[in-house]
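Below is one structure, written out as structure tokens; the observations come after it.
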Amino acid sequence: MLRITNAAYLGELRDVLVENGHIAGFGPAGSLHGENTFDAKGRKLFPGFTDAHTHLREPGGEWKETIASGLDAAAHGGFVSVMCMGNTNPVNEEAGVTRQMLDSASASWPHGPRLYPIGAATVGLKGEELTRMHELKKAGCVAISNDGKPVANTEIFRRVMEYAADLGMIVIDHCEDPFLAVNTHMNEGITSGILGLRGQPDVAETIQAARSIFLAEYLNIPVHIAHVSARKTVDLIAWAKQRGVKVTAETTPHYLLLDETAVGLYDTNAKVNPPLRTQADIASLREAVKSGVIDILVTDHAPHAVHEKEVPFDRAPNGFTGMDLAVSLTYDLVRQNVLSEEDLIRLWAVRPAEIFGLPCNQFRIGDPADFFLFDPEEEWTVSRETLHSKSCNTPWLGQKLCGRVSNLWIGGYQIF
Ligand code: DOR
């Protein structure tokens, strides 16, 4: 039996006992006994986190990321469960692709992090023909999404929602009006005007979210709004929740921390979709994660190679890597008193597992022994060398962060 001792959990020093992959005891430091002891002095204890929105690029984009390298980044970021989007090549629209993803995960990381693929809503993500979702579910998909290509035809989107709901799967909707957002490169506002870049108005997101929310209410089935970036979308979700609509929502650390000015002088590492918005949006999103209007945090980990980002801004692909950094970045919000450690556990572990029906350790006897230690004092610089992802397209590249995941156990197995 393994005993972790002196681990700081929500401000109190704790012992954790692990037996056969599960939590066998949890109590004040020094109160429990095990054969092997791991002293966690100076480190914080968290349950394993879930990242419900990532892009792992395998199959078809292995120069950006593989499932092996993506799960490496996940493990070193404290994630024990990773949901990956279906915008691969081929698209994850058939059971064979799902199985290939799962085989690749278990071959490279037999002890976890666990991979949970998200199936495509329509064939080729073209928004025309529904996929065979029952087969995707049987093969291991846990949710459905048309990912970065919102279904333009509302009738088809309605059928997607109904079919997925019949199978007990939630639709994750990337909300972006396909016409307002076309050929846009950043948030529409003063900064886009100064830079001479075509901007995307915040209402491109809100209008599309309104469609999902009204359909969810009309059909009385759930919908999950992906990576919320705009205050108006937050207001809409709050209103819908008050009406009893079965809507849940996510945002990412970057929308809580960076505004449109991060683009600087055309820094393609600050180009993401939806785009970074304004200080008013940041303030509203911070309130929403605190109050629960936004249910969960995700990274939207979207790796791209250096040569793909080293092009003129309007030609660069959208996206940031995120799994390596997420806990360090969000722990900074604890230091700023925006969130508490308890909020991090709710946003990164408890609620994502509830929404998508995944395992979650809450340190109750019998829970999966999935947890990590976090050294709040470790200073490190975000660089090619320190990141485990195959790509390093993050606006934090070159910056110093304080606090880092130091050890991870999944199902009682120490990954590092
Ligand atoms: O910035 C983004 N990158 N947003 C998306 O929705 C897709 C993602 C990607 O796959 O690169």
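We count ligands from 1, going down the list as the structure has it; atoms in each ligand are counted the same way.
- If you run side-chain contact (heavy atoms from CB on, under 4.5 Å) between I213 and each of T233, D173, V245, only V245 comes through.
- In R57, the part holding a heavy atom less than 4.0 Å from any atom of ligand 1 is the side chain.
- Salt bridge status for D235 with R231: present, with a side-chain N to carboxylate O gap under 4.0 Å.
- Under the 3.5 Å distance criterion, the side-chain polar atoms of T122 are matched with a main-chain donor or acceptor of G127.
- With rounding to the nearest 0.5 angstrom, the OG1 atom of T251 is 11.5 Å from the CG atom of D295.
- In this structure, the ring of Y331 has its center less than 6.0 angstrom from the ring center of F374.
- Of the heavy atoms in H174, only side-chain atoms (C-beta onward) come closer than 4.0 Å to ligand 1.
- Ligand-side atoms of ligand 1 in range of A302: 3 (N), 8 (C), 9 (C), 11 (O), range being under 4.0 angstrom from any heavy atom.
- Taking every non-hydrogen atom of H304 and a distance limit under 4.0 Å, the qualifying atoms of ligand 1 come out as 11 (O).
- Closest to atom 3 (N) of ligand 1, if we only count protein heavy atoms, is N318 O, 3.2 Å.
- Taking each heavy atom of D375 and E377 in turn, the nearest pair found is OD1-N, 2.9 Å.
- Using a 4.0 Å cut-off to heavy atoms of V272, the atoms of ligand 1 that qualify are 1 (O).
- Here the shortest heavy-atom distance to atom 10 (O) of ligand 1, taken over N87, D147, T252, N273, belongs to N87.
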